[in-house]
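Atom set for the values below is all heavy atoms of this structure, side chains included, hydrogens, waters and symmetry mates excluded.
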Amino acid sequence: MSESPQMETTDIETGQKTVDYTTEHAEGKTADNGIVVKSAPLARDLKNRHMQMIAIGGSIGAGLFVGSGSALHTGGPGSVVLGYIIIGSMLLCTVQALGELAVLFPVNGAFFTYIARFVDPAYGFAVGWDYAIGWLTVLPFELVAAGITIQFWRDDINIGVWVGVFLVLLCLIQIFGVRGYGEVEFVLSILKVLGTIGFIIFGIIVDCGGAGNQGYIGAKYWHDPGAFANGFQGFCSVFVVAPFGFGGAELVGLAAAEAQNPLKSIPTATKQVFWRLAIFYILSLFILGLIVPYDNPNLLNSSGANSKYSPFVIAIRLAGVKALPSIFNVIITISVISVANSCTFGSTRTMQALAERGMAPGFLAHVDSKGRPIWGIVLQLGFGLLAFIGESDRQDLAFNWLLSLTGLSFLFIWGAICLAHIRFRRAWKVQGHSKSELPYQAMFGVGGSYYAFILNILCLIATFYIALYPIGKSPNPEAFFSYYLALPIVIVLYLGWKIYSGDWTLYIRAKDMDITSGRRSLDFDPNDIPKKTWKNMPLRVFHALF
């Protein structure tokens with residue numbers, strides 16, 4: 001790993017020495033003016049294969065394999081497929097926008113940094129901390145989830161034992177820094193991908209009558225009990241569950257600062273997101289809706305991390321295949337451990353970038369000699385100790401409130417990424433640059449970011465509707481804040497930074513944006529870019545997807 005040149009300075013009054021790690025090579029010749037606490041660079045040890053597997057399967061976990069059951073129960077298979085297609089299209093545009101920014105600016109904190117520089121520091125502070133808090137609180141949930149999946153086989157062993165085992169495992173992974181994260185995600189993601197593909201094949205066989213005693217099913221369950229449940233409320237309920245299942249796709253952009261070759265790996269990884277959305281979410285859930293009726297009573301318990309009531313496991317049991325439930329539970333366990341591993345990456349890198357800009361305690365900005373944000377890792381693993389709440393009789397209540405901080409945080413950060421991309425493109429044009437200078441352009445351009453941003457707002461409205469009028473319940477404050485607690489937190493954080501900084505401007509003007517710091521050198525000749533013609537369209541589509 002090549003490190004940036006270091007310049008040591010001495011404070012005249014205190015005599016304390018500080019080190020400036022401002023990059024002086026082609027990838028970023030200008031220091032970011034927003035950096036308050038300068039730190040050593042993060043390790044750049046993520047290879048192209050790591051980035052691709054993080055994109056394809058990095059955050060597939062309990063949100064898909066268990067949480068999708070509640071969406072199927074409240075909305076029906078038609079609502080699930082339509083809802084996940086809508087969220088998937090939004091996320092595809094979002095990741096493409098993030099990929100464009102990450103290739104040009106492979107900087108610490110990625111989307112947080114883009115929001116603070118291209119939109120508004122206060123907004124960046126609010127959504128950055130909301131995102132970090134979201135991952136901090138997801139970790140204890142995932143550790144308990146991993147323990148619950150083990151109880152599928154051994155319910156005689158106290159869940160605290162498994163929480164301790166998995167927490168120690170996470171600590172060991174951190175010893176190897178970002179390379180450890182990348183290698184673990186590479187292996188676990190392959191297993192998750194194989195498991196999901198295996199279920200899709202199994203589901204097709206079951207639906208055609210090739211397994212179990214149900215005979216040919218076809219689209220029977222789409223007619224009886226039906227494709228849609230609970231009307232418009234049921235459709236909106238999918239938008240409450242889906243973001244948690246999709247959460248983590250944005251980690252590809254966050255990993256750009258630690259990729260060996262972002263110019264090559266980021267575009268490839270963002271293209272893989274298409275296949276992740278199309279196959280591992282939409283296709284698997286479509287097959288699931290064909291072989292599990294939405295009125296199956298076991299789906300009532302498909303929430304949290306109880307893999308016994310995973311709709312995928314329910315589908316296997318309905319087919320009467322005895323060995324497969326245990327095998328798929330292994331996939332769920334692997335997925336939960338993988339998401340727990342992603343928690344330590346998502347939160348620590350965001351907090352490190354926040355601290356560099358003076359928006360978090362300075363010690364969190366420290367990067368050790370192995371390129372790890374060590375104090376952020378300690379804080380994240382400390383939050384993991386909250387997993388021992390699983391020993392309490394009130395664990396469901398505790399985790400429901402912890403997770404209420406998480407669901408909307410993904411919608412806030414995805415919307416903010418799109419807004420940052422829109423504002424960046426405006427500044428890029430105003431400051432005299434052309435699109436042909438960009439090393440990688442989002443597949444759907446600025447229009448895709450507008451589309452995704454509008455969908456984000458609509459998803460927030462749908463979630464607000466369900467929070468206000470929960471299905472099967474009368475309106476009550478507890479139900480509302482269990483869904484929408486993140487919104488008042490973001491508002492408080494936003495106003496708090498405005499008051500602290502004394503800067504009440506609503507947004508950064510295009511001509512004043514910093515589009516230089518951390519930017520890659522632009523050695524591109526516009527003449528080298530092929531013109532778009534009907535003749536080369538098939539080849540362009542192939543490269544866009546692969």
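- Put simply, the side chain of Glu142 never gets that close to the backbone of Val339: no donor and acceptor are under 3.5 Å apart.
- Gly83 and Phe235 get closest at one heavy-atom pair: N-CE1, 4.2 Å.
- Scanning all heavy atoms of the two residues, the minimum distance from Cys93 to Ala452 falls at CB-CB, 3.9 Å.
- Side-chain atoms of Trp129 never come within 3.5 Å of backbone atoms of Ile489 as a donor-acceptor pair (strictly under, hydrogens ignored).
- Side-chain N/O atoms of Ser326 and Trp153 include a donor and acceptor closer than 3.5 Å.
- In terms of heavy atoms, Asp130 sits closest to Phe412 at OD2-CD1, 3.6 Å.
- With Ser189 contributing its side chain and Phe186 its backbone, the two residues share no donor-acceptor pair below 3.5 Å.
- Side chain to side chain, Gln380 and Ser347 meet the donor-acceptor criterion of an N or O pair below 3.5 Å.
- Aromatic pair Tyr494/Phe125: centroids not less than 6.0 angstrom apart.
- Trp375 CH2: 12 or fewer foreign heavy atoms inside a 6.0 Å radius.
- To the nearest 0.5 Å, atom CZ of residue Phe239 and atom OG1 of residue Thr463 are 8.5 Å apart.
- Under the 6.0 Å cut-off for aromatic ring centres, Tyr281 and Phe246 qualify, their centroids lying closer than that.
- Looking at Asp207, its side chain never comes within 3.5 Å of a backbone N or O of Ile291 through a donor-acceptor pair.
- A distance-only check finds a donor-acceptor pair linking the side chain of Gln233 to the backbone of Tyr469 [under 3.5 Å].
- In the displayed structure, Phe232 atom CZ is contacted under 6.0 Å by at most 12 heavy atoms of other residues, nucleotides or ligands.
- Listed for the His73 side chain is a donor-acceptor partner under 3.5 Å among the backbone atoms of Tyr294.
- Remark: aromatic rings of Phe65 and Phe328 are close, center separation under 6.0 Å.
- For the residue pair Tyr131/Glu250, the side-chain donor-acceptor check at 3.5 Å is satisfied.
- Residues Val292 and Pro311 approach most closely at CG2-O, 3.9 Å, considering heavy atoms.
- Here the closest non-hydrogen pair linking Ser68 and Phe312 is OG-CE1, 3.9 Å.
- Across Leu143 and Leu167, no two heavy atoms sit closer than the pair CD1-CD1, 3.8 Å.
- Within a 6.0 Å radius of CZ in Phe480, more than 12 heavy atoms belonging to other residues, nucleotides or ligands are found.
- Asn108 contributes no side-chain N or O that, together with a main-chain N or O of Arg349, makes up a donor-acceptor pair within less than 3.5 Å.
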